[in-house]
Amino acid sequence: MSDPSPHIRLAHGLVVCDECEAIWLIPDMESKHRYPNPEDARCPICEETLWGPCSHWASTSEIERLGWTHAIDRTLDNGPSSLGGGEVIV
């Protein structure tokens, strides 16, 4: 029996700029990025609401799994005490 949903619901991650909402699907800030629809922001992978219950600041291990470790700016004040759990800002 096939899934009636047209979208695959696998775990995935993407990087979203917290200032301009640009979205990167691959770990390269020089690569092409996209912007969500400001009226109805959706994940470009699964089309769920971009700011839904699964969106959150990434943990260090999530950043590593996504291949974005090189983009972590450790000079920012974003340690576990400021964001509550080891989150990082890229």
Side-chain angles (χ1 to χ4, degrees):
M1 184 171 207
S2 65
D3 181 355
S5 171
H7 305 290
I8 297 173
R9 304 227 189 276
L10 300 175
H12 58 275
L14 44 94
V15 171
V16 180
C17 175
D18 68 332
E19 293 181 4
C20 71
E21 298 185 357
I23 299 171
W24 286 269
L25 300 174
I26 60 172
D28 178 1
M29 290 174 43
E30 299 299 319
S31 67
K32 186 175 179 178
H33 57 276
R34 58 182 73 189
Y35 295 96
N37 177 337
E39 307 263 331
D40 185 25
R42 299 271 169 186
C43 172
I45 297 172
C46 68
E47 296 190 7
E48 291 293 327
T49 302
L50 190 60
W51 309 119
C54 291
S55 79
H56 60 275
W57 286 100
S59 68
T60 303
S61 63
E62 288 171 320
I63 293 292
E64 290 170 357
R65 280 194 304 269
L66 291 172
W68 282 89
T69 304
H70 66 279
I72 295 173
D73 184 347
R74 299 205 185 271
T75 64
L76 296 173
D77 183 21
N78 60 355
S81 62
S82 64
L83 292 177
E87 296 86 348
V88 294
I89 298 172
V90 294

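Not measured: the values here are computed from a predicted model. We number each residue from 1, following the sequence as shown.
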Novice: What closest approach, in Å, do Ile26 and Trp68 show between heavy atoms, and which atom pair accounts for it?
Specialist: O-CZ2, 2.9 Å

Novice: Just to verify, what does Glu62 make a side-chain contact (heavy atoms from CB on, under 4.5 Å) with, not counting sequence neighbours?
Specialist: His56, Ala58, Ser59, Arg65

Novice: Do any pairs count as a salt bridge (Lys or Arg N to Asp or Glu O under 4.0 Å) and have a residue in residues 34-46, sequence neighbours left out, and if so which ones?
Specialist: Asp40-Arg42

Novice: Step by step, work out the side chain to side chain contact (heavy atoms under 4.5 Å, CB included) result for Leu50 and Leu14.
Specialist: CA-CA 10 Å; Leu50 190 60; Leu14 44 94; 4.2 Å; yes

Novice: Check the pair Cys46, His12 against side chain to side chain contact (heavy atoms under 4.5 Å, CB included), reporting the backbone distance first and the verdict last.
Specialist: CA-CA 9 Å; Cys46 68; His12 58 275; 3.6 Å; yes

Novice: Which heavy-atom pair separates Gly67 from Pro27 by the least distance, and what is that distance?
Specialist: O-CB, 3.1 Å

Novice: Can you run down the side-chain hydrogen bond (donor to acceptor under 3.5 Å, both in side chains) pairs that involve residues 21-33, sequence neighbours left out, and say none if there aren't any?
Specialist: His33-Tyr35

Novice: Could you pull out all residues at least two apart from His70 that satisfy side chain to side chain donor-acceptor pair (under 3.5 Å)?
Specialist: none

